[in-house]
Novice: 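Questions regarding the structure given below will be posed in turn.
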Amino acid sequence: MILYELFSYDLLRVVWWLLLGVLLIGFALTDGFDMGVGALLPFVGRTDVERRVVINTIGPVWEGNQVWFILGGGAIFAAWPPLYAVSFSGFYLAMFLILAALILRPVGFKYRSKRDSAAWRSGWDWALFIGGAVPALVFGVAVGNVLQGVPFELTQDLYPLYPGSAFGKLFGLLNPFALLCGLVSLSMLLTHGAAWLSIKTEGFVQTRAQNIGAMTGVLTIVLYAVAGLWLAFGIDGYALVTEAAPDGPSNPLYTEVTRGVSWMAAYADRPWIAIAPGLGFLGMAMAVRAIRSGGEVSALLWSKLGIFGAISSVGLTMFPFILPSSLSPDSSLTVWDASSSHQTLFVMLVATVIFMPIILAYTAWVYRVLWGKVTEDDVTGNSETLY
């Protein structure tokens, strides 16, 4: 009871906003290199043995890494029900596309070696490429659309409405700024995957991964800078007109919102948040430097820092908005009016405090056990190799 009173409603809302960011960043840092490796597979592996080496660097860990994606979706469902309802309704076909691509990954792992046929295995290699590249691209496209605002409105009973057909909504997501954000995401995760391969492989595969990673790292920096300038001078931001009620009811229609301001106003109000994009640029620049100089662990750590900074910069720039509406700005969802109840957030926090350390400890143990390079001898001379 004392703890419940200690964690006020407004504090829990901010805590769960931070935890949602932690889960999404955790997914990008772990499953992100899996997607990057999958997208790199046809280009860093020239022979069947080399591709088996690449696949076996992520084969034992990808399922565990995907837990962060499930946790993120569960957190949105339980902590931010309006966000779950609105985003999954508006992004339905995009979500289906991501799901279909992600399904190709386990199927590709399991079926690739079922037949000793070059055409068969090449086909599944490209399926694994799709399973890595498509989600990486679409996740970035989704972020680009969130920054611009999603065309929805809430009725008086908080029912979300979207104009247009389902396919019209999907193609509406593929606008120039969103596609640019998608390319930022794709190139960033390609760099992350290349950094992982530099640790886990050797020889020609490692060299090719490092060469590609150095190029995609530079590309990430350039695209991230272009996206930032476009956001500052070409994208309308959102701002609260009425004063927010941090401990008020979860009803977005109680808040008046205006569109047309610059998202960069957040940096004038809270200058300290500039550290996030700074870490994004620093992390990627140092990752490129480490990859070029042959650094292995350092390259992966720097790429993680770059990803952390890039994703954090989006959340901090938008705060307190989590899903603005371009069609009806007053329907925009914020941290203060789109959460579950006080009691729900508290119970979820207790569960998180108990189970999150267990997940982190188990993940650390798995990576410790599986640490080391995957060699050609490992995949050709070990009958227990799965892929």
Side-chain angles (χ1 to χ4, degrees), residues 4 7-28 67-92 94-95 98-99 138-139 142-162 173 238-240 244-255 257 266 311-353 355-356 359:
Y4 181 74
F7 286 93
S8 62
Y9 198 12
D10 55 336
L11 176 60
L12 282 172
R13 282 170 160 167
V14 174
V15 167
W16 271 102
W17 173 78
L18 290 171
L19 285 175
L20 178 59
V22 168
L23 293 174
L24 295 178
I25 292 172
F27 170 64
V67 167
W68 292 94
F69 183 53
I70 298 171
L71 290 175
I76 293 175
F77 173 78
W80 309 98
L83 174 62
Y84 183 89
V86 173
S87 60
F88 277 71
S89 296
F91 295 151
Y92 181 80
M95 294 290 185
I98 291 173
L99 181 61
V138 175
F139 282 131
V143 170
N145 279 281
V146 169
L147 285 166
Q148 295 175 92
V150 180
F152 73 93
E153 61 178 330
L154 299 175
T155 63
Q156 289 303 311
D157 57 358
L158 302 183
Y159 182 81
L161 297 176
Y162 284 84
L173 298 176
Y238 296 78
L240 297 175
D247 57 351
S250 289
N251 188 334
L253 298 180
Y254 286 178
T255 307
V257 176
I311 298 178
S312 298
S313 67
V314 176
L316 292 172
T317 299
M318 292 182 60
F319 185 87
F321 292 94
I322 49 179
L323 189 65
S325 169
S326 59
L327 182 62
S328 173
D330 289 346
S331 298
S332 299
L333 307 182
T334 74
V335 172
W336 311 125
D337 57 28
S339 72
S340 292
S341 67
H342 186 181
Q343 185 175 9
T344 300
L345 295 181
F346 177 74
V347 172
M348 288 176 57
L349 181 62
V350 173
T352 301
V353 170
F355 291 104
M356 183 64 76
I359 294 173

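Numbers for residues simply follow the sequence, beginning at 1.
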Novice: In terms of relative ring orientation, are Phe346 and Phe7 parallel, tilted or perpendicular, with 30° and 60° separating the classes?
Specialist: tilted
Novice: Determine whether Ile25 and Trp68 make a side-chain contact, defined as any pair of heavy atoms from C-beta on separated by less than 4.5 Å.
Specialist: no
Novice: CZ of Arg13 to OG1 of Thr334: how many Å apart, nearest 0.5 Å?
Specialist: 7.5 Å
Novice: With a 4.5 Å heavy-atom cut-off, do Val86 and Leu323 have their side chains touching?
Specialist: yes
Novice: Contact between Met356 and Leu23 at the side-chain level, heavy atoms closer than 4.5 Å - yes or no?
Specialist: yes
Novice: For the pair Tyr238 and Ser326, evaluate side-chain contact (heavy atoms from CB on, under 4.5 Å) and give the outcome as yes or no after the intermediate values.
Specialist: CA-CA 9 Å; Tyr238 296 78; Ser326 59; 3.5 Å; yes
Novice: Output the distance between atom CG (Leu20) and atom CG (Leu71), rounded to the nearest 0.5 Å.
Specialist: 11.0 Å
Novice: Given side chains that start at C-beta, do those of Ser340 and Ser250 come closer than 4.5 Å, heavy atoms only?
Specialist: no
Novice: Distance check, rounded to the nearest 0.5 Å: Phe152 atom CZ versus Leu333 atom CG?
Specialist: 4.5 Å
Novice: Considering only heavy atoms from C-beta outward, does the side chain of Leu173 approach that of Val138 to under 4.5 Å?
Specialist: no
Novice: For the backbone of Glu153 and the side chain of Tyr162, can you confirm whether one donor and one acceptor N or O come within less than 3.5 Å of each other?
Specialist: no
Novice: Given side chains that start at C-beta, do those of Trp16 and Ser339 come closer than 4.5 Å, heavy atoms only?
Specialist: no
Novice: Which atom pair, heavy atoms only, marks the closest approach of Ile322 to Ala338?
Specialist: CD1-CB, 4.1 Å
Novice: Using every non-hydrogen atom in the two residues, find where Phe139 and Phe27 come nearest and quote the distance to one decimal.
Specialist: CE1-CE2, 3.6 Å
Novice: Does any non-hydrogen side-chain atom of Ser331 lie less than 4.5 Å from one of Leu253?
Specialist: yes
Novice: Side-chain contact, heavy-atom cut-off 4.5 Å: Pro324 with Val257?
Specialist: no
Novice: Are a donor atom and an acceptor atom from the side chains of Ser341 and Thr344 found within less than 3.5 Å of each other?
Specialist: yes
Novice: When rounded to the nearest 0.5 angstrom, what distance separates CG in Asp330 from OG1 in Thr255?
Specialist: 8.5 Å
Novice: When rounded to the nearest 0.5 angstrom, what distance separates CG in Leu147 from OG1 in Thr317?
Specialist: 7.5 Å
Novice: Once rounded to the nearest 0.5 Å, what's the spacing between atom OG of Ser328 and atom CG of Leu161?
Specialist: 10.0 Å
Novice: Would you please classify the geometry between the Phe319 ring and the Trp336 ring as parallel, tilted or perpendicular, with 30° and 60° separating the classes?
Specialist: perpendicular
Novice: Taking the side chain from Tyr9 and the backbone from Leu345, do they hold a donor-acceptor pair closer than 3.5 Å?
Specialist: no
